[in-house]
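Input: a single structure, listed below in C-alpha cells.
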Protein chains: 2
Amino acid sequence: MSPRPAVRPGGRSARVQRSVHAAVQELQAEHGRTGLTVPLIAARAGVTPSTVYRRWGDLQELLADVAVEHLRPDEPPADLGSLREDLEHWAAAFLEEMSSPAGRAYIRDALAGDPDGSNAGQCSAYAVEQVETILARAAQRGEHVPGTDVVMDHVVAPMMYRVLFRPGLLDAQYARDLVATVFYRLMPLP
Amino acid sequence: MSPRPAVRPGGRSARVQRSVHAAVQELQAEHGRTGLTVPLIAARAGVTPSTVYRRWGDLQELLADVAVEHLRPDEPPADLGSLREDLEHWAAAFLEEMSSPAGRAYIRDALAGDPDGSNAGQCSAYAVEQVETILARAAQRGEHVPGTDVVMDHVVAPMMYRVLFRPGLLDAQYARDLVATVFYRLMPLP
DNA sequence: CCACGACACGCAATTCCTTTGCGTTAAGGT
DNA sequence: ACCTTAACGCAAAGGAATTGCGTGTCGTGG
C-alpha cells in the first residue's frame with residue numbers, strides 16, 4: 001500500500017524507502033513545503049532523482065505516501081472506562097491533530113496525490129478502526145453502542161468537513177458536542 | 001476572488017482569464033488531467049505560458065481556480081413547497097454532482113491548489129448560501145427550521161466525507177436518510 | 001548453499017517545464 | 001486626451017522530469 005506495488009519488502013528497496021521518507025520529513029521541517037523538489041529530496045536521501053520518479057511517479061504521490069504514513073494512528077484509543085468518555089477523548093484528540101496546520105497539510109497531501117482514492121480510503125479506514133475499537137470495548141462492558149457509521153457520519157465527518165472547508169470555529173468543545181448529539185439524539189435507546 | 005488579486009476586471013485581463021479557463025475545460029475534456037500542462041493550456045488559450053504563470057502561479061492553482069468556478073451553483077435551489085422536499089431534493093442533487101468522477105476531481109483540485117484555505121472556504125460558502133436560501137424560504141412559510149450549521153454538520157458534511165474518503169456506498173437514498181435524521185432527531189420540536 | 005531470473009537502482013543524455021528580465025501594450029483615473 | 005500602473009509577449013537561462021542502458025541486489029527454486 002505504501003509505494004506503488006510495494007514489491008521487494010526488504011533490503012535495498014526498504015532502505016531507499018525509509019531514507020526518502022525521512023528526507024521528506026526533514027526537508028519539510030526545514031524549508032516548509034515551498035521549495036520542496038524531487039531532486040532536493042533525492043539528494044538528501046542519497047539516491048538519484050530517477051529512483052524517486054520511478055517508484056513514486058511524482059512529488060505529489062510521494063507526499064501523499066508520506067502523509068498517509070504520518071496519519072496512521074500509533075496507538076489504540078485510550079480506555080477511560082465508559083463509551084462517552086472514550087469517544088469524547090478520542091474525538092477531541094482527533095480534532096486537535098487534524099485541525100493543526102501540519103495535520104491539515106497532511107490531509108490535503110493525502111487527497112491530492114491520490115488518483116484512485118486509495119490513500120483517502122486508507123485514512124478513513126484508520127478512523128473506522130479506532131472507532132470500532134472504542135465501540136467494541138463498550139459493547140464488551142455491556143453498554144449500548146451506536147453503529148460505526150453513525151459515529152463516522154455525525155462525529156468524524158463534521159469535524160473533517162470543518163477542518164477542510166470551514167477553518168476556524170474549531171475547538172475541543174465542538175468535538176464533545178458532536179459526541180453529545182450522538183448520545184442524546186442519534187443513539188437507539190435500550 | 002477568482003485569480004490572484006483580480007485587479008483590472010475588464011478588457012484584456014478578463015479576456016485572458018476567460019480564454020484560459022475555457023482552454024482548461026476543453027483540454028480536460030479531451031486529454032483528461034494527465035498530460036495537462038501549462039504550456040499546452042497557454043497555447044490553446046492563445047497566450048504565452050509566462051502569462052499563466054504570472055497570474056496563477058502554477059498549474060495547481062489554476063486548476064483550483066477553474067474548479068471553484070465550476071462548483072459555483074448556477075441557480076438557487078428548487079422550491080417544491082415544503083422544507084422536507086426542498087432539502088431532500090437539493091441534497092440528492094448536491095450528492096449526485098459531487099460524487100461523480102468529475103465532481104470529485106473538481107473538489108480535489110479546489111483543495112489541492114489552496115495554500116490559505118480560501119478556495120475551500122468558498123466551496124462551503126456556496127453550500128451555506130444554498131442551504132440558507134432553503135431554510136429562509138421555509139421560515140417564511142412558517143415552518144420550523146433547523147439551524148444552518150445543523151444541516152451543514154449532519155447533511156452536507158457526511159456526504160462530502162464519503163465523497164472524499166469513502167467512495168462507494170453513495171446514492172440518492174443516503175442523502176434522503178440524512179435529511180430524515182435531521183427532521184426526526186436533530187430538529188428542535190415546536 | 002548456490003545459481004538463476006527479475007526487479008530496482010545509478011548514471012547520463014534529452015526533453016520539457018518553469019522562471020525571469022526587459023520592452024511593449026492596454027486599462028483606469030485625472 | 002494624457003499619465004500612471006498593471007498585465008502581457010518575447011526570449012533566454014535555469015532546473016525538473018523522462019528515458020535508455022548497464023549494473024547490482026533481492027527473492028526463489030534447484
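Order of the sequence lines sets the chain letters (A, B, ...), proteins ahead of strands, with each chain counted from 1.
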Result block: side-chain N/O donor-acceptor pairs under 3.5 angstrom for residues 40-51 of chain A, not counting sequence neighbours:
from, atom 1, to, atom 2, distance (Å)
A:Arg44, NH1, A:Glu26, OE1, 2.6
A:Arg44, NH1, A:Glu30, OE2, 3.2
A:Arg44, NH2, A:Glu30, OE1, 3.1
A:Arg44, NH2, A:Glu30, OE2, 3.4
A:Thr48, OG1, A:Ser50, OG, 3.3
A:Thr48, OG1, A:Thr51, OG1, 3.2

Legend entry - Residues within residues 28-46 of chain A bordering DNA chain C, heavy-atom distance below 4.0 Å: A:Gly46
Legend entry - Pi-cation contact, B:Phe183 with B:Arg84 (under 6.0 Å, within 45°): yes
Inset, instruction - Going by the side chain to side chain contact (heavy atoms under 4.5 Å, CB included) test, name the single residue among B:Leu95, B:Leu80, B:Val156 that passes it with B:Trp90. - result: B:Val156
Legend entry - Distance, rounded to the nearest Å, where B:Leu59 contributes CG and C:dC17 contributes P: 11 Å
Legend entry - Distance-only donor-acceptor test, B:Ser50 side-chain atoms vs D:dC8 base atoms, 3.5 Å: no
Inset, instruction - Would you kindly give the CZ-to-C1' distance between B:Arg12 and D:dT5, to the nearest whole Å? - result: 12 Å
Legend entry - Atom pair distance, as rounded to whole Å: CD in B:Gln17 and C1' in C:dA26: 17 Å
Inset, instruction - Considering just the side-chain nitrogens and oxygens of B:Arg55, establish if one lies under 4.0 Å of OP1 or OP2 belonging to D:dC8. - result: yes
Inset, instruction - Using whole Å, report how far CZ of A:Arg54 lies from P of D:dC21. - result: 12 Å
Inset, instruction - Could you please spell out the steps behind the side-chain hydrogen bond (donor to acceptor under 3.5 Å, both in side chains) verdict for B:Asp153 and A:His154? - result: CA-CA 7 Å; B:Asp153 285 344; A:His154 298 284; over 6 Å; no
Inset, instruction - Apply side-chain hydrogen bond (donor to acceptor under 3.5 Å, both in side chains) to A:Ser100 and list each qualifying residue two or more places apart in sequence or on a separate chain. - result: none
Legend entry - A:Thr51 side-chain N/O to C:dG10 phosphate OP1/OP2 under 4.0 Å: yes
Legend entry - Rounded distance in Å - CD (A:Glu61) to C1' (D:dT18): 15 Å
Legend entry - Presence of donor-acceptor pair under 3.5 Å, side chain of B:Ser13 and base of D:dC8: no
Legend entry - Residue of the set B:Leu83, B:Val155, B:Leu186 for which side chain to side chain contact (heavy atoms under 4.5 Å, CB included) holds with B:Pro146: B:Leu83
